[in-house]
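This report concerns only the one structure given below.
Every chain is numbered from 1, with letters handed out A, B, ... down the list of sequences.
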Amino acid sequence: MSQYAIPSGWETVIGLEIHAQLATRSKIFSGASPAFGAEPNAQACAVDLGLPGVLPVLNEGAIRMAALFGLAIDAQVAPVSSFDRKNYFYPDLPKGYQTTQLARPIVIGGAVTITTGEGKQAQEHTVRVTRAHLEEDAGKSLHEDFHGMTGIDLNRAGTPLVEIVSEPDMRSPEQAVAYARKIHAIVQYLGICDGNMQEGSFRVDANVSVRPVGDEAFGTRTEVKNVNSFRFLQRAIEFEIERQVDLLESGGEVVQATRLYDPDRDETRLMRTKEEADDYRYFPDPDLLPVVLDQATIDIWRKELPELPDAKAERYQSSFGLSAYDAGVLTSSRATAEYFEAVIAHSGIDPKLAANWVMGEVAALLNRLELEIADCPVDPDKLAALLERVGDGTLSNKLGREVFEALAEEGGSVDAIIEARGLKQISDTGAIEAMVDEVIEANPGQVEAYRGGKDKLFGFFVGQVMKAAKGKANPKAVNDVLKRRLDGE
Amino acid sequence: MSLTNDQLQAVAHLARIAIEPDWTDALRSDLNAILEQADKLGDPRLNELEPMAHPLDQTQFLRADVVSEGDRRETLMAGAPAQENGLFLVPKVIE
């Protein structure tokens, strides 16, 4: 993450609203499927279309998933929650209102811990969650040319969302990104959201304001929408801070408004100002009764909670001796943690070695191929087989990387690649001794200089032996033998 | 409280209702009567009562999370005034 410095003399205050699409099998108020990618309107039933006389029937799965989120962040799961109508007219909302929870949300309070920076610079910070409520998503408007008309696809209408509203507890773009990532990890660990930001399953809106350092009162805020990656979230907030500080420093004023982030131009653009903001005329939805959850049900759900990122990171540190930073990286997504755990499930694999490889070679490979870890061409079993050969000295780290590249590009088995490419590391002491002796014999001048006190020449001898071994000699064995021979033992 | 003509027009706009000029007085008088009733909710004695989300003394039935509705696009779109490639077509909307 780039190092961004807030203009001096200013402080920023950030709160996030995150919409996570719940991974239910059916929609929140109807029995239609919310699966992504269907033919337009093939998954929009009479309820989703808002046809006259239809009634919503609430999905137990959506309630359970929202409650799991509340339990995961130590929030209160409301014993009684209820639904309201938010009225506005837009063709992707055929009922003329969105069913949401304004007055009595299902999740109240809670908090998550975030870490920014690494090593000695690492800082922990608590971000409070105000509330999380259930609501239905709207359909999609397609503005391509349909003879001057707009096309409407209502497949997404009625998809269950949980909107997670934070307190304005973040003071830097890095903290905002760390918080969004933490929520992203939690919903995926819980299995309640697939977290796909490109498909819109996880959407982040940022409320950003600035104030002179030391001021108690919040500055006027803007809401930045349309941010579909963590990198864009960072950039959009940075842009907004700069824009607001420039305005205020030149004697202007920040106008409360909703702004859209444009990643192509790396800027935010005005979408609508507060003066034009709609009056949504909320009122309790008469078609839906209050949702009552008894303690016994909540207790059953609490038992379903999996090991969450913070607990997992703690375990990685105490059981495997990993650093806090490494444990944090490995648990930052459920898929990464699953991959790591699948590697070390093989007996005899050193967790620290595995951690270094997952965060090093695997991460670099995925980055280069632009793949998610679940699609990694080197699966955990193959990486484990490779690490076994590194662990038993068959391969040096360097040769290990070569085998890893071959696995990624050609597939096949680790041992077959070692065999086919003749990559086996030479650990046999007799063979190494022979090479060392040859090098010593061929370089009498350097030997004399070394023995005369030029210690630095040791590296030269190591290099010569490695060259003779075509890089395949076990470096530790080479060092040992050289020391013995050169130091006259 | 008493509703002004401007407020009446604003509410009508939010509800997307066109008001004929000669309805204005009658509507204002009706709405003012309704608001007068609503004002009674401000009675301090009501503060002690639990707000009621629903007049029925019942709680919400929850449906099991299963897909029960298949693709009935053809039937459901039969009444649409305009459609193309499975999309409903509506007058151009600019965001």
If you measure from [atom1] on [X] to [atom2] on [Y], what distance do you get to the nearest 0.5 Å?
X      : Y      : atom1 : atom2 : result
A:L288 : B:T59  : CG    : OG1   : 12.0 Å
A:R259 : A:E267 : CZ    : CD    : 8.5 Å
B:R73  : B:Q83  : CZ    : CD    : 8.0 Å
A:K86  : A:Q98  : NZ    : CD    : 5.5 Å

Task: Modelled atom types, side-chain donor and acceptor of B:Q9 and B:N5, under 3.5 Å - done: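 No, B:N5 and B:Q9 have no side-chain donor paired with an acceptor closer than 3.5 Å.
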
Task: Criterion side-chain hydrogen bond (donor to acceptor under 3.5 Å, both in side chains) on A:T99 and A:E135, from CA distance to verdict - done: CA-CA 6 Å; A:T99 307; A:E135 61 187 29; over 6 Å; no

Task: Top of B:R63, B:R16, B:Q60 for chain A proximity - count of heavy-atom pairs under 4.5 angstrom - done: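 If we count pairs closer than 4.5 Å to chain A, B:R63 comes out on top.
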
Using heavy-atom distances under 4.5 Å, tell me whether [X] contacts chain B through its side chain, its backbone, both, or neither.
X      : result
A:L49  : side chain
A:I28  : backbone
A:F29  : backbone
A:A32  : both
A:K140 : neither
A:R281 : side chain
A:E39  : both

Sort out for me which of [options] touches chain B most, counting heavy-atom pairs under 4.5 Å.
options                    : answer
A:D153, A:V292, A:T24      : A:T24
A:G151, A:A42, A:G148      : A:A42
A:C45, A:A103, A:G139      : A:C45
A:G96, A:P40, A:G61, A:A38 : A:P40

Task: B:A15 portion near chain A, given a 4.5 angstrom heavy-atom threshold - done: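 Its backbone and side chain both get close to chain A.
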
TODO: Assess whether salt bridge (charged side-chain N to carboxylate O under 4.0 Å, His left out) is satisfied between A:E136 and A:K95, documenting all intermediate values.
DONE: CA-CA 12 Å; A:E136 60 182 341; A:K95 292 186 298 183; 2.7 Å; yes

